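The structure appears right after this line, and notes come after that.
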Amino acid sequence: MTKPQRSFAAAAEKRDESPASAAADQRKKRRGTPTTILSLDHDIMCIIFAFLDMFDLVRCSLVCKFWNAIVESRSLREFYDRKLKHSSTFTSSSSEFTEKPLRLILREVAMEQHRLALQSGVFHVDQWRGHSKTVAQCRMKMGMVVTGVGDKVIRLWSLDNYKCMEEYLIPDMFPLVDFDFDESKVIRLWSLDNYKCMEEYLIPDMFPLVDFDFDESKIVGLIGSRLCIWRRNGKRSIFPSLEGKFVKGSCIRYSDPEAVVGCDDGAVRVFDMYSRRCSQIIRMHYAPITCLCLSEDQLILSGSTSGNITISDPSSVQQVATLRSSDVRGIRTLCLNTSSQLVFAGSSVGHTSCWDLRTRRLLWDTRVSPNVVYSIQHMPSDTSTLAVGGIDGILRFLNQNDGNIVSSCIIQDKLLSTSQSPSGSIQRRKGRRLPEDTYINIDIIPKSVRPSITCLAVGMKKIVTTHNSNDIRLWKFN
């Protein structure tokens with residue numbers, strides 16, 4: 001059998017194909033293939049990344065596996081090895097750099113820049129009207145900020161353009177559980193002799209939003225005597241806590257699939273978000289609980305008006321330990337650094353205290369304010385700086401290791417600029433650091449530049465604060 005031969009015409013056409021037509025075909029192919037960042041060569045990406053500073057490089061390493069592989073590549077590592085040797089913000093030796101993963105090194109550098117920015121950097125404050133009435137609470141996770149408590153809405157914000165991305169309305173009223181789910185807004189007492197209404201009891205139009213917490217898929221709020229779940233897909237569900245016989249709650253923390261509620265009777269109630277039932281009731285104090293935080297190994301830490309912090313293990317429904325403080329007027333706020341296993345608490349008389357969760361030992365106790373400390377927070381993975389806010393309206397930064405005040409900040413009354421955002425007018429003011437080497441008489445500082453800080457949330461080189469007013473403030477540190 002002979003092998004089939006190509007036709008003479010096809011062969012001649014192939015020989016006659018000019019270089020110009022071949023180039024045109026190549027251009028058509030390039031136009032038909034979309035060019036993306038993934039189309040760039042590995043070496044070209046290394047050159048681009050070499051122009052970035054360490055903080056931006058950390059962000060790039062988290063974009064995708066392809067970018068992370070480039071950041072971890074040998075050529076880029078050698079470049080930054082030489083760069084870090086001449087950097088004043090990097091204190092580790094060259095051997096530590098070569099032994100540690102690059103991402104860990106970059107994280108350390110980013111945390112050091114964060115520390116320097118909060119403690120000594122220049123800053124300004126952007127302020128905008130976030131709610132129609134007042135807003136007293138804010139939470140920040142995964143770059144998202146959620147605000148609420150004060151009016152009938154919870155809002156999720158973008159800090160890039162101050163736009164309200166999502167909002168979740170608080171229900172006007174709940175059905176009366178004890179009256180066969182009557183959805184009217186009144187209870188009446190009748191006389192069956194003459195069918196006359198003897199007494200009338202009006203149901204409030206709105207139950208207050210007490211506290212809330214959130215993750216990437218849902219927001220969980222404590223509203224009146226019930227828990228409310230707002231899913232990011234728009235669906236909302238409400239269910240009674242303990243069949244409508246819920247003791248008044250004061251705070252809530254959520255870690256999927258459970259919500260932990262601190263109550264006025266000194267107990268915490270653990271609710272399963274899927275079965276919608278109270279799975280546990282743990283007695284933690286003999287006084288009302290004021291604040292909660294959860295550890296990574298599922299321990300529950302609660303502070304109370306008694307001034308003590310109790311640690312409980314839900315798996316055994318038992319108290320693990322009690323952290324005692326000298327402040328008998330009570331603990332107002334609580335947070336846990338999971339990286340260093342340090343517990344921080346703010347009190348009603350202006351004290352901030354720190355315990356080692358592993359040894360249960362008090363490490364330091366510092367009076368940072370003449371009155372109530374409402375909120376203390378830190379950046380996740382940051383073991384250096386603690387942000388503190390309270391009734392005197394001064395934003396303070398403490399050293400997490402010894403409790404010393406490293407900086408105190410307020411804003412200046414003079415308006416720098418005004419701009420427009422999707423949510424309205426944005427006012428920008430310059431920030432000012434107070435001297436720490438001399439006694440500061442707070443009364444001489446106008447209250448207009450230091451409204452009470454009811455809550456704060458910490459992000460990379462930024463702080464979000466609420467003040468029990470309409471406004472939200474974003475402190476940006478350079």
Side-chain angles (χ1 to χ4, degrees), residues 22-124 126 140-145 157-163 165 216 339 379-382 384-385 419 421-422 458-463 474-478:
D25 292 340
Q26 291 294 328
R27 285 195 296 269
K28 289 180 180 179
K29 290 181 179 180
R30 284 196 296 268
R31 284 196 297 267
T33 304
T35 301
T36 66
I37 191 69
L38 298 178
S39 304
L40 296 179
D41 183 76
H42 180 278
D43 293 335
I44 296 177
M45 292 295 296
C46 285
I47 294 174
I48 295 174
F49 285 161
F51 285 98
L52 302 178
D53 61 22
M54 304 301 282
F55 175 64
D56 291 330
L57 201 63
V58 172
R59 287 181 167 178
C60 290
S61 69
L62 301 176
V63 170
C64 63
K65 292 182 179 179
F66 176 59
W67 283 23
N68 179 65
I70 296 174
V71 172
E72 294 283 355
S73 64
R74 182 178 181 84
S75 57
L76 198 61
R77 173 181 282 270
E78 291 176 350
F79 170 78
Y80 274 100
D81 187 10
R82 296 190 298 271
K83 187 174 181 179
L84 286 175
K85 287 178 181 178
H86 300 88
S87 174
S88 60
T89 62
F90 186 72
T91 58
S92 300
S93 64
S94 178
S95 61
E96 289 179 335
F97 181 85
T98 56
E99 292 173 0
K100 291 182 179 180
L102 182 58
R103 178 177 293 182
L104 180 59
I105 296 294
L106 296 178
R107 184 182 294 114
E108 292 177 358
V109 174
M111 287 298 103
E112 179 67 8
Q113 291 188 0
H114 172 72
R115 180 187 70 83
L116 293 174
L118 294 186
Q119 294 184 9
S120 58
V122 177
F123 68 96
H124 65 265
D126 290 343
M140 183 185 296
K141 292 181 181 178
M142 303 160 292
M144 298 183 294
V145 175
W157 300 91
S158 166
L159 295 184
D160 293 330
N161 56 7
Y162 306 106
K163 181 180 180 181
M165 307 299 293
E216 65 276 3
S339 298
M379 178 79 178
S381 302
D382 179 20
S384 62
T385 309
S419 59
S421 77
V458 182
M460 181 62 73
K461 300 182 183 179
K462 57 180 174 286
I463 308 286
L474 174 63
W475 307 58
K476 291 185 175 182
F477 298 82
N478 299 321

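Worth saying up front: this structure is predicted, and the values here are computed from it rather than measured.
Every residue two or more places apart in sequence or in another chain was checked for a salt bridge (Lys or Arg N to Asp or Glu O under 4.0 Å) with Lys163, and none qualifies. Asp382 is linked by a salt bridge (Lys or Arg N to Asp or Glu O under 4.0 Å) to nothing, counting only residues two or more places apart in sequence or in another chain. The side-chain hydrogen bond (donor to acceptor under 3.5 Å, both in side chains) check on Lys462 picks up nothing, with sequence neighbours excluded. Ile47 meets the side chain to side chain contact (heavy atoms under 4.5 Å, CB included) test with Phe51; sequence neighbours excluded. For Ser339, the side chain to side chain contact (heavy atoms under 4.5 Å, CB included) criterion is met by Asn337, Ser381, Thr383, not counting sequence neighbours. Every residue two or more places apart in sequence or in another chain that forms a ring-ring contact (aromatic ring centres under 6.0 Å, His included) with Phe477 is listed here: Phe123, Phe397.
Residue Met111 holds its CE atom at 10.0 Å from OG1 of Thr385, rounded to the nearest 0.5 Å. Taking CE of Met379 as the reference point, atom NZ of Lys461 lies at 11.0 Å (rounded to 0.5 Å).
Minimum interatomic distance between Met460 and Ala110 (heavy atoms only, all atoms of both residues): SD-O, 4.1 Å. Taking each heavy atom of Cys46 and Ile70 in turn, the nearest pair found is SG-CG2, 3.8 Å.
Contact check for Leu159 versus Lys476: no side-chain heavy atoms found under the 4.5 Å cut-off.
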